[in-house]
Amino acid sequence: MLRIAVPNKGSLAGPAAEMLHEAGYRQRRESKELRIVDPANEVEFFYLRPRDIAIYVATGRLDIGITGRDLLIDSGAGAEEILPLGFARSTFRYAAKPGTVDDITDLNGKTVATSYEGIVAKHLADAGIDASIVHLDGAVETAIELGVAEVVADVVETGTSLRNAGLEVVGEPIMKSEAVVVRRTGADAEEPEVQRFLRRLQGVLVARTYVMMDYDCRVEQLEKAVALTPGLESPTVSPLHNEGWVAVRAMVPADEAQRIMDDLYGIGARAILTTAIHACRL
């Protein structure tokens with residue numbers, strides 16, 4: 001059986017379980033379950049702390065894991081990203097008191113407080129910056145006020161927490177993170193069981209990104225319509241009973257569907273509708 005590590009709590013847990021369910025895998029019913037077996041799909045799931053998943057996968061005892069890119073890099077474990085999953089997105093930034101730091105070069109000789117020591121240490125080293133790092137678990141924005149550090153490095157979403165602490169973002173982002181599938185570095189990612197798992201998740205990603213669009217249009221407007229809805233390879237075009245009309249079907253990006261419908265209507269297409277895609281293989 002394919003042995004897969006899944007986040008047991010936090011912002012990664014719910015979306016990961018939802019994606020796996022959409023991909024056809026059995027998921028736990030109670031949060032206290034730490035291991036379940038899905039015999040129909042020949043998969044065994046282990047529910048672990050998100051921060052530990054890359055470490056377990058790196059040992060080879062588990063084949064695959066779902067965790068955050070930030071946690072993967074911060075762990076320093078011998079595991080690598082093989083598929084981004086598009087949820088739990090976050091951005092890591094430095095922040096300091098206004099007027100004290102202009103860019104990353106000003107961090108030389110300063111102390112940086114963070115919950116992600118591995119990420120910050122790597123970023124500073126890559127930039128050739130000599131700074132001290134203080135590891136804190138959460139609420140790092142108070143570190144400057146309390147004199148523990150002169151700079152903080154943390155996840156920034158709206159920036160409200162930083163502003164409330166009297167801080168401002170400094171320089172370019174340290175990194176952008178999201179949920180990812182990880183595999184032990186050097187392991188054979190082409191194994192059939194692994195590829196089947198990845199195809200299922202990719203199918204969910206595509207199903208969430210696209211909708212199926214159907215409409216009728218006059219033959220003389222078909223080329224304009226197809227230009228608006230090219231599909232993945234090409235759209236399906238079928239003649240209608242009424243001469244001079246065709247029915248067209250194509251996948252279109254979900255976030256562009258309303259604009260495409262407006263444009264199709266503008267060239268004379270009618271009976272335009274969209275339907276959700278629940279699963280697919282490309």
Once the angle between the rings of Y94 and H123 is folded into 0 to 90°, is it parallel (under 30°), tilted (30 to 60°) or perpendicular (over 60°)?
-> tilted
Could you tell me whether the side chain of N108 and the main chain of I129 form a donor-acceptor pair under 3.5 Å?
-> no
Got a sec, which residues hit side chain to side chain donor-acceptor pair (under 3.5 Å) with E42, two or more places apart in sequence or on another chain?
-> none
Residues, nucleotides or ligands: over 12 heavy atoms within 6.0 Å of R29 CZ = no
Do any N or O atoms from the side chain of R196 and from the backbone of R199 form a donor-acceptor pair under 3.5 angstrom?
-> no
Rounded to the nearest 0.5 Å, how far does CG of L228 lie from CD of E256?
-> 10.5 Å
Can any side-chain N or O of R69 pair as donor or acceptor with the backbone N or O of K176 at less than 3.5 Å?
-> yes
Please work out which of the three classes, parallel, tilted or perpendicular, describes the rings of F197 and Y25, given edges at 30° and 60°.
-> tilted
Closest heavy-atom pair and its distance - S115, H135 = O-CE1, 3.4 Å
Under 3.5 Å, is there a donor-acceptor pair between the side chain of N41 and the main chain of G24?
-> yes
Report, as yes or no, whether the 6.0 Å neighbourhood of atom NZ on K110 holds more than 12 heavy atoms from other residues, nucleotides or ligands.
-> yes
On a heavy-atom basis, the closest approach of L12 and A88 is CD2-CB, 3.5 Å
Test applied, side chain to side chain contact (heavy atoms under 4.5 Å, CB included); reference residue, T111; option that passes from I133, V152, V148, V134 = V134
Would a 4.5 Å heavy-atom cut-off, applied to side chains only, mark C217 and V246 as touching?
-> yes
Can you tell me if NZ on K224 sees more than 12 non-hydrogen neighbours from other groups inside 6.0 Å?
-> no
Nearest-0.5 Å distance, CZ of residue F45 to CD1 of residue I4 | 4.5 Å
Same cluster or not: are L264 and V237 linked, directly or through other Ile, Leu, Val, Met, Phe, Trp or Tyr residues, by side-chain heavy atoms under 4.5 angstrom apart?
-> yes
Beyond-backbone contact of T100 with E150, side-chain heavy atoms, under 4.5 angstrom = no
In this structure, which one of L48, L71, I66 forms a side chain to side chain contact (heavy atoms under 4.5 Å, CB included) with P7?
-> I66
Crowding at CD, E145 (>12 non-hydrogen neighbours, <6.0 Å) | no
Does D38 reach the main-chain N or O of V43 with its side chain, forming a donor-acceptor pair under 3.5 Å?
-> no
When clusters are formed by joining ILVMFWY residues with side-chain heavy atoms under 4.5 Å apart, either directly or through shared neighbours, do V151 and V156 land in the same one?
-> no
In short, A5 meets I53 closest at the heavy-atom pair CB-CG2, 3.7 Å
Pairwise distance CG(L62) to CG(D52) - rounded to 0.5 angstrom | 11.0 Å
Kindly determine whether E190 and V194 satisfy side-chain contact (heavy atoms from CB on, under 4.5 Å), including the steps that lead there.
-> CA-CA 7 Å; E190 299 302 316; V194 174; over 6 Å; no
Which of these, V204, V180, L201, sits in a side chain to side chain contact (heavy atoms under 4.5 Å, CB included) with L85?
-> L201
Cation over ring face, R51 and Y116, 6.0 Å, 45° | yes
Taking T274 for its side chain and M213 for its backbone only, find out whether a donor-acceptor pair lies under 3.5 Å.
-> no
Criterion side-chain contact (heavy atoms from CB on, under 4.5 Å) on T114 and F92, from CA distance to verdict | CA-CA 10 Å; T114 183; F92 284 76; 6.0 Å; no
When rounded to the nearest 0.5 angstrom, what distance separates CD1 in I174 from CG in D126?
-> 12.0 Å
Without swapping roles, check the side chain of R249 against the backbone of T236 for a donor-acceptor pair under 3.5 Å.
-> no
Value for CG (N8) from CZ (R28), rounded to nearest 0.5 Å, stands at 6.0 Å
Is R270 positioned over the aromatic face of Y215, cation under 6.0 angstrom from the ring centre and no more than 45 degrees off axis?
-> no
Kindly write out the residues that satisfy side chain to side chain donor-acceptor pair (under 3.5 Å) with R218, not counting sequence neighbours, or none if the list is empty.
-> E220
Side chain to side chain donor-acceptor pair (under 3.5 Å) partners of E22, counting only residues at least two apart = R208
Under the side-chain contact (heavy atoms from CB on, under 4.5 Å) criterion, do E81 and R183 qualify, and how do the steps go?
-> CA-CA 7 Å; E81 174 184 335; R183 180 93 161 120; over 6 Å; no
Atom of T185, atom of A79 and distance for their closest heavy-atom approach | OG1-N, 3.2 Å
Which distance, rounded to the nearest 0.5 Å, do you find between the CD of E80 and the CZ of R184?
-> 9.5 Å
M175-L83 co-clustered via ILVMFWY side chain contacts under 4.5 Å = yes
For the hydrophobic clusters of this structure (ILVMFWY residues joined by side-chain heavy atoms under 4.5 Å, transitively), does one cluster hold both V181 and L72?
-> no
What one should report as the nearest heavy-atom pair of E141 and L167 is O-CD1, 3.8 Å
Cluster link V155 to L162, ILVMFWY, side chain under 4.5 Å | no
Should the pair D63-R3 be classified as a salt bridge under the 4.0 Å nitrogen-to-oxygen rule?
-> no
Given the rule in the side-chain contact (heavy atoms from CB on, under 4.5 Å) test, do I277 and V206 qualify, once you have shown the distances and angles that lead to the verdict?
-> CA-CA 8 Å; I277 301 171; V206 173; 5.8 Å; no
For I267 and Q221, work out which heavy atoms get closest and say how close.
-> O-CG, 3.4 Å
